[in-house]
There are 2 protein chains.
Amino acid sequence: MSERSNEAGTVGKALNVLDQVAAFDRPVKFSELLESSEYPKATLYRLLKTLLQQGMIAHDDSSGAYTLGVRLVRLAHQAWRTSSLAPVARPYIDALSLEIGETVHLAQLDHAQVLYVDKRNAAVPIEMYSQAGKVGPVYCTGVGKAMLAWSPVPEQTRIIEQQSYHRFTDNTLTSRKALRSELEIICSRGHAFDNEEHEPGIICVALPILSQSGQVLGGLSVTSTTARHTLESLAQLVPHMKTAVGRIAEDAESWRFPEQIRERA
Amino acid sequence: MSERSNEAGTVGKALNVLDQVAAFDRPVKFSELLESSEYPKATLYRLLKTLLQQGMIAHDDSSGAYTLGVRLVRLAHQAWRTSSLAPVARPYIDALSLEIGETVHLAQLDHAQVLYVDKRNAAVPIEMYSQAGKVGPVYCTGVGKAMLAWSPVPEQTRIIEQQSYHRFTDNTLTSRKALRSELEIICSRGHAFDNEEHEPGIICVALPILSQSGQVLGGLSVTSTTARHTLESLAQLVPHMKTAVGRIAEDAESWRFPEQIRERA
DNA sequence: CTAGGAAGTTTCAAATAGTGAAACTTGGTT
DNA sequence: AACCAAGTTTCACTATTTGAAACTTCCTAG
């Protein structure tokens, strides 16, 4: 996909390879990896061997293909529990999705991408892990723009630089300049829209989840279709969302401290 | 927890540190990690810095605490999709849990542990990622024993060696010998029970999911309480489970090949 | 059946990146 | 103001990593 060669250290390289295996999204053979790899054969081979030994990837001997290992699933379970907003936000987004009957997304920023960490869909109740963990672009999603709008300037600048500005629809913002002025509007308005910028017919309204100190913790959005809603009618949901966002932020902050006590039981 | 110092290479060390951060299950400070770490201060510090730079962990500047990073959530999404049985098994365990109205677990072996990759609970519909990713002991769970019973001898031996044999209840098997004879019974009977060996009042029946070549792909269990079931009444569910297990195995095997075609579109 | 070739694995001297004791910096406490 | 603890950096020393090339399999076509 993109050039990311300025990664130093063996650990960085190993994790790059891990990402590469993940990117294929299916069992992948050594030669396929080699083709798309920036590393020479022997290096790639040894990195794979190390990851294998560590249980981060698995190798099917009969087909000779590599897949991600189950150790990752375990680690990620912890990651999701301890470092994502999802566990804290769960009751509030449950309530919100019941109340308004539309799809609710909870997202966080990961580098320059939107990472969806939870989702509620009023129509199709169970569809969770399938969605949690997905990534999307920042510049043409409601949550992405909402989180970006309230990010500190240095990070905001970095992220604006790193977007691809691929045109998905007629409404997609396709330049840094367009995105920057959109962000200003979002800030003064207090919430972000996705006006069919990513997929035709899909619109959404989004709010950032901010800590008391103003730090961006994540984003919350309600998604619908142009058949059922207009931006204006979505905007009417903002007060409900504000409540949820406030409570999530509150809970998230009172979360970290209580357990510091039991240093050594 | 256990001694695992024979890990060579920087990547191994970095991943150890990652595990260590994960093990705390809460934001953890440098000094806490140092205390429980086998590495000297500077080394630990640099490893953390590397992981931080890689997005595998995150660092909260105000509290100075480390947590697992969101990059892991992304990776895990892929791991779960491509290398776990969960996506394949989903429809079958949905059906099974509806049909029998009890909690269904899907698990795989990770090193010497049981890794739960999916769960259906008839009473409480949505509770998924919360359970997927959890680990449990092999020697005193139904799925654990079922998978172990059909594992190839070298691996079986290795895993039997590595169990802790901690006594959770009066019925827990607390020796290699007891476990070995239990495994024989399981093999000849065709399914495994958990007779309150892990938690009092909790019983379960479990089957291994085997490929055509006899390889253990995973395990499936139905869990209940002594209030609602006996081992005998649980055993009556085995035919239903056999059907599900057979279909899961079938689907899992016809899964890997179709997509090999599009090498370079 | 065997020559040719592609895919995967190992070797080894050179080069690089990792190590950790100790010194230093920072921020908070008596 | 002096002290202390937590976190960060330095630097000479070492061990690991590197990658071209050689080697081993194992498959395929003649």
Side-chain angles (χ1 to χ4, degrees), chain A residues 4-21 24 26-54 56-67 69 213 256-257 259-264, chain B residues 4-21 24 26-54 56-67 69 213 256-257 259-264:
Chain A
R4 54 140 86 196
S5 33
N6 55 337
E7 310 274 352
T10 331
V11 176
K13 285 174 199 167
L15 294 175
N16 273 356
V17 171
L18 192 64
D19 267 351
Q20 219 193 121
V21 173
F24 273 84
R26 64 179 169 89
V28 59
K29 294 224 239 75
F30 177 80
S31 50
E32 297 177 290
L33 285 169
L34 181 59
E35 227 179 307
S36 69
S37 175
E38 56 189 307
Y39 307 118
K41 197 156 77 152
T43 303
L44 178 65
Y45 181 75
R46 261 175 292 107
L47 289 172
L48 284 168
K49 216 161 127 183
T50 305
L51 289 170
L52 203 55
Q53 193 214 315
Q54 292 296 328
M56 299 298 281
I57 60 177
H59 185 245
D60 179 12
D61 289 315
S62 66
S63 71
Y66 294 93
T67 51
S213 60
R256 297 283 144 97
F257 301 99
E259 36 226 330
Q260 303 279 27
I261 302 150
R262 46 159 175 115
E263 291 278 346
R264 61 198 86 178
Chain B
R4 53 142 83 195
S5 33
N6 56 336
E7 310 274 352
T10 332
V11 176
K13 287 175 198 167
L15 294 176
N16 271 357
V17 171
L18 194 62
D19 268 352
Q20 217 193 119
V21 173
F24 273 85
R26 63 177 169 91
V28 59
K29 294 222 240 75
F30 177 81
S31 49
E32 296 179 289
L33 286 169
L34 181 58
E35 227 180 310
S36 69
S37 176
E38 57 190 305
Y39 308 118
K41 197 153 81 153
T43 302
L44 178 65
Y45 182 75
R46 260 175 294 105
L47 290 172
L48 283 168
K49 217 161 130 184
T50 306
L51 289 170
L52 202 55
Q53 194 213 316
Q54 292 296 328
M56 300 297 281
I57 59 176
H59 185 244
D60 179 11
D61 289 314
S62 66
S63 71
Y66 294 92
T67 52
S213 60
R256 294 284 144 94
F257 302 99
E259 36 225 332
Q260 304 278 27
I261 303 150
R262 44 153 177 124
E263 290 277 346
R264 64 200 83 180

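Note that the coordinates shown come from a computational prediction; the quantities given were computed from them, not determined experimentally. So you know, we letter chains A, B, ... as the sequences are listed, proteins then strands, and number each from 1.
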(request) Search all heavy atoms of B/Val17 against all heavy atoms of B/Leu47 and return the closest pair with its distance. (result) CG2-CD1, 3.7 Å

(request) Could you tell me, to 10°, how much the axis swings from one end of the helix from C/dC1-D/dG30 to C/dT30-D/dA1 to the other, five pairs per end? (result) 30°

(message) Quick one, B/Leu15 and B/Leu18 - any side-chain contact, counting heavy atoms below 4.5 Å?
(response) yes

(message) Give me the atom names and distance for the closest heavy-atom approach of A/Tyr39 to A/Leu34.
(response) O-CD1, 3.9 Å

Can you check nucleotides 25-28 of chain C for protein contacts, nitrogen or oxygen pairs under 3.5 Å, and list what you find?
none

(message) Tell me whether the side-chain N/O atoms of B/Thr10 come closer than 4.0 Å to OP1 or OP2 in D/dT17.
(response) yes

(message) From the set C/dG18, D/dA20, D/dT8, return the single nucleotide nearest to any side-chain atom of B/Arg46.
(response) C/dG18

(request) Mind calculating the distance between CG (B/Leu48) and C1' (C/dG20) to the nearest angstrom? (result) 15 Å

(message) Please find the pair of heavy atoms, one from A/Gln20 and one from A/Leu33, that lie closest to each other, and give the distance.
(response) OE1-O, 3.1 Å

(request) Using atom CG of A/Leu34 as one end and atom C1' of C/dA6 as the other, report the distance to the nearest whole Å. (result) 12 Å

(message) If I take atom OH in residue B/Tyr39 and atom P in nucleotide D/dT8, what distance separates them, rounded to the nearest angstrom?
(response) 20 Å

(request) Calculate the interatomic distance between B/Leu15 atom CG and C/dG18 atom P; express it in whole Å. (result) 14 Å

(request) Starting from P on D/dT18, measure out to CG on A/Leu44 and report it in whole angstrom. (result) 11 Å

(message) Can you tell me how far apart CG (A/Leu44) and CD (A/Glu35) are? Round to the nearest 0.5 Å.
(response) 12.0 Å

(request) Compare every heavy atom of B/Leu51 with every heavy atom of B/Ala14, then report the nearest pair and how far apart it is. (result) O-CD1, 3.5 Å

(message) Please report the interatomic distance NZ(A/Lys49) to CD1(A/Ile57), rounded to the nearest 0.5 Å.
(response) 12.0 Å

Extract from the structure each pairing of a protein N or O with an N or O of nucleotides 4-7 of chain D at less than 3.5 Å, listing the distance.
unit_1 : atom_1 : unit_2  : atom_2 : d
D/dG7  : OP2    : B/Ser31 : N      : 3.0
D/dG7  : OP2    : B/Ser31 : OG     : 3.4
D/dG7  : N7     : B/Lys41 : NZ     : 3.1
D/dG7  : O6     : B/Lys41 : NZ     : 3.2

(request) Check the angle between the aromatic planes of B/Tyr66 and B/His59 and answer parallel, tilted or perpendicular using the 30° and 60° thresholds. (result) tilted

(message) For B/Thr67 versus B/Val21, what's the shortest heavy-atom pair and its separation?
(response) C-CG1, 4.1 Å

(request) Send over the distance from B/Lys13 NZ to C/dA17 P, rounded to a whole Å. (result) 16 Å

(request) State, to 0.1 Å, how close B/Phe24 and B/Glu32 come at their nearest heavy-atom pair, and which atoms those are. (result) CZ-O, 4.1 Å

(request) Grab the NZ-P distance between B/Lys49 and C/dG18 for me, whole Å please. (result) 12 Å

(request) Flag the pair A/Val11 / B/Met56 as yes when at least one side-chain heavy-atom distance between them is below 4.5 Å, and no otherwise. (result) no

